[in-house]
Amino acid sequence: MTQAGVYGQRLGRGLHVKDAPVLVTRSLRSAALAVTEVRNDAPVPKFSGSLPAEDAYLVSLKIRDYPDCECWENGRFVTKANVRAGATYLYDLKRDPRYVIDKPFHSLFFYLPRSALNDIATQPGASRVEELNYSPGVGHDDEVVRHIGATLLAGFRRPDEPNQLFVDHMLLAFTAHVGLTYGGLKPVVEPGRGGLAPWQVKRACERLDSDLSGGLMLQQIAAELGLSVSHFSRAFRISTGLPPHQWLLRQRVEAAKQMMAVRGLPLSEIAISAGFANQSHFTRVFSQMVGVSPGAWRRETSGGPATEA
């Protein structure tokens, strides 16, 4: 299947990088959302390539300073500006954004098609997003984008760990934030209760619990309940107190606790069976949620082998 959006290797070719790791969600019916990491520590000076024109934006979180960045749009010089690490920049793919690559760079690029913004705007009480408000070469001090970017960057560092529910949640939250902050999207007024019906909570939890690896997409679960992804995510959090991916992590930990009652079962095997990427991932999540390592918890509660971490 031919990729339609400007992300991953398609974006990497335009920025003249060989490796462009990407995380993608297709939870919205209309389009894919994606975030791509691009980095080049020793670039050959040249213009960035023209990216395919489409009704979409790139929102970039800069990881590294880039002084005197020469920006172009529609084949014309626009501005030269000092790009600072931690700042957020917006690019309209209808305007052929390009810049002179003559220094090392490192950025995250979020691919955001207009159809995704339109999907977010279909929620009850929401307004339609016309154009995102931005000026070429002007950065924004956006704490939310920095937080989401840092969380996803950690996922790029440990590619086996992010599950699809986590990626879905982060990119949907990013889309809603950009629509609110730069597109004039009005916050949806929550109803007094706003959670899922009891049968929906039961069905959603059963579906999540059936695949501890997190391979299910939010769109699949939401569709079974007759809800949009954003409505389901919001209502699930109201009903359970946790977003779906955090609820699933808690279930993994509980499943691991039950398995650790079996004497002699290695922690590495327990980690995989409970849906973690590996034992290191298991240890890190378990320690954060429980306050002690799996090995220490096992020794304290069931007298497990003293050699386990």
Of all residues at least two apart in sequence or in a different chain, which pass the salt bridge (charged side-chain N to carboxylate O under 4.0 Å, His left out) check with [X]?
X	value
Arg157	Glu37
Asp19	none
Arg207	Glu224

Calculate, to the nearest 0.5 Å, the distance between atoms [atom1] and [atom2] belonging to [X] and [Y] respectively.
X	Y	atom1	atom2	value
Ser239	Arg237	OG	CZ	12.5 Å
Thr283	Leu267	OG1	CG	6.5 Å
Ile270	Leu265	CD1	CG	4.5 Å
Ile221	Leu165	CD1	CG	5.5 Å
Ser233	Leu172	OG	CG	6.0 Å
Leu33	Thr25	CG	OG1	6.0 Å

Salt bridge (Lys or Arg N to Asp or Glu O under 4.0 Å) contacts in which one or both residues fall within [range], not counting sequence neighbours:
range	result
residues 211-223	none
residues 46-59	Asp55-Lys94, Asp55-Arg114
residues 270-295	Glu161-Arg284
residues 243-257	Glu254-Lys257

Non-hydrogen side-chain atoms of [X] and [Y] separated by less than 4.5 Å:
X	Y	value
Tyr91	Leu51	no
Arg39	Ile63	no
Pro67	Lys103	yes
Val35	Ile148	no
Asp142	Arg146	no
Leu15	Asn40	no
Leu249	Met289	yes
Met260	Thr301	no

Item to complete: Output, in order, the C-alpha distance, side-chain angles, deciding distance and verdict of side-chain contact (heavy atoms from CB on, under 4.5 Å) for Leu61 and Leu153.
Response: CA-CA 11 Å; Leu61 174 65; Leu153 196 60; over 6 Å; no
Report all side-chain donor-acceptor pairs from residues 73-90 shorter than 3.5 Å, counting only partners two or more places apart or in another chain.
residue: Glu73; atom: OE2; partner: Tyr134; partner atom: OH; Å: 2.9
residue: Asn82; atom: OD1; partner: Asp68; partner atom: N; Å: 2.9

Tell me whether [X] shares a hydrophobic cluster with [Y], the cluster being built from Ile, Leu, Val, Met, Phe, Trp, Tyr side chains joined at under 4.5 Å.
X	Y	value
Val290	Met259	yes
Val138	Val145	no
Phe286	Ile272	no
Tyr66	Phe47	no
Leu11	Val17	yes

Item to complete: Count the heavy atoms belonging to other residues, nucleotides or ligands that lie under 6.0 Å from CD of Glu143, then report whether that count exceeds 12.
Response: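 No, the 6.0 Å shell around CD holds no more than 12 heavy atoms from other groups.
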Provide the closest heavy-atom pair for [X] versus [Y] in the form atom of the first, atom of the second, distance.
X	Y	result
Pro97	Leu93	CD-CA, 4.1 Å
Leu196	Ala235	CD2-CB, 3.6 Å
Asp92	Ala56	OD1-O, 3.7 Å
Ala204	Leu225	CB-CD1, 4.2 Å
Thr240	Trp247	CB-CD1, 4.2 Å
Cys71	Tyr99	CA-CB, 4.3 Å

Exam field: side chain [X] to backbone [Y], donor-acceptor pair closer than 3.5 Å:
X	Y	answer
Gln164	Val24	yes
Thr36	Gly8	yes
Ser268	Gln279	no
Gln9	Pro21	no

Taking ring pair (Phe, Tyr, Trp, His ring centres under 6.0 Å) as the definition, give me every residue that meets it alongside [X], ordered by chain and number, with sequence neighbours left out.
X	answer
His245	Phe166, His169
Tyr182	His140
Phe105	none
Phe156	none

Worksheet item: Just one of Trp297, Phe276, Phe282 clears the side-chain contact (heavy atoms from CB on, under 4.5 Å) bar with Val253, so which one?
Response: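 Per the side-chain contact (heavy atoms from CB on, under 4.5 Å) rule, the option paired with Val253 is Phe276, out of Trp297, Phe276, Phe282.
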Item to complete: Could you walk me through whether Asp41 and Arg64 pass side-chain contact (heavy atoms from CB on, under 4.5 Å), step by step?
Response: CA-CA 10 Å; Asp41 294 325; Arg64 182 174 187 168; 3.1 Å; yes
Item to complete: Evaluate the ring planes of Phe232 and Phe236, with Trp represented by its six-membered ring, and classify them as parallel (under 30°), tilted (30 to 60°) or perpendicular (over 60°).
Response: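 Phe232 vs Phe236 ring planes: tilted.
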Practice prompt. Using the side-chain contact (heavy atoms from CB on, under 4.5 Å) rule, take Leu132 and Leu117 through it: C-alpha gap first, then chi angles, then the decisive distance, then the call.
Written response: CA-CA 10 Å; Leu132 296 185; Leu117 292 169; 4.0 Å; yes
Worksheet item: Could you go step by step and tell me if Ile101 and His16 meet the side-chain contact (heavy atoms from CB on, under 4.5 Å) rule?
Response: CA-CA 9 Å; Ile101 299 176; His16 310 303; 3.9 Å; yes
Discussion item. Here's a test for you: under ring-ring contact (aromatic ring centres under 6.0 Å, His included), which of Tyr111, Phe110, Tyr57, Phe109 qualifies with Tyr7?
Written reply: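 Of Tyr111, Phe110, Tyr57, Phe109, ring-ring contact (aromatic ring centres under 6.0 Å, His included) with Tyr7 is met by Tyr111 alone.
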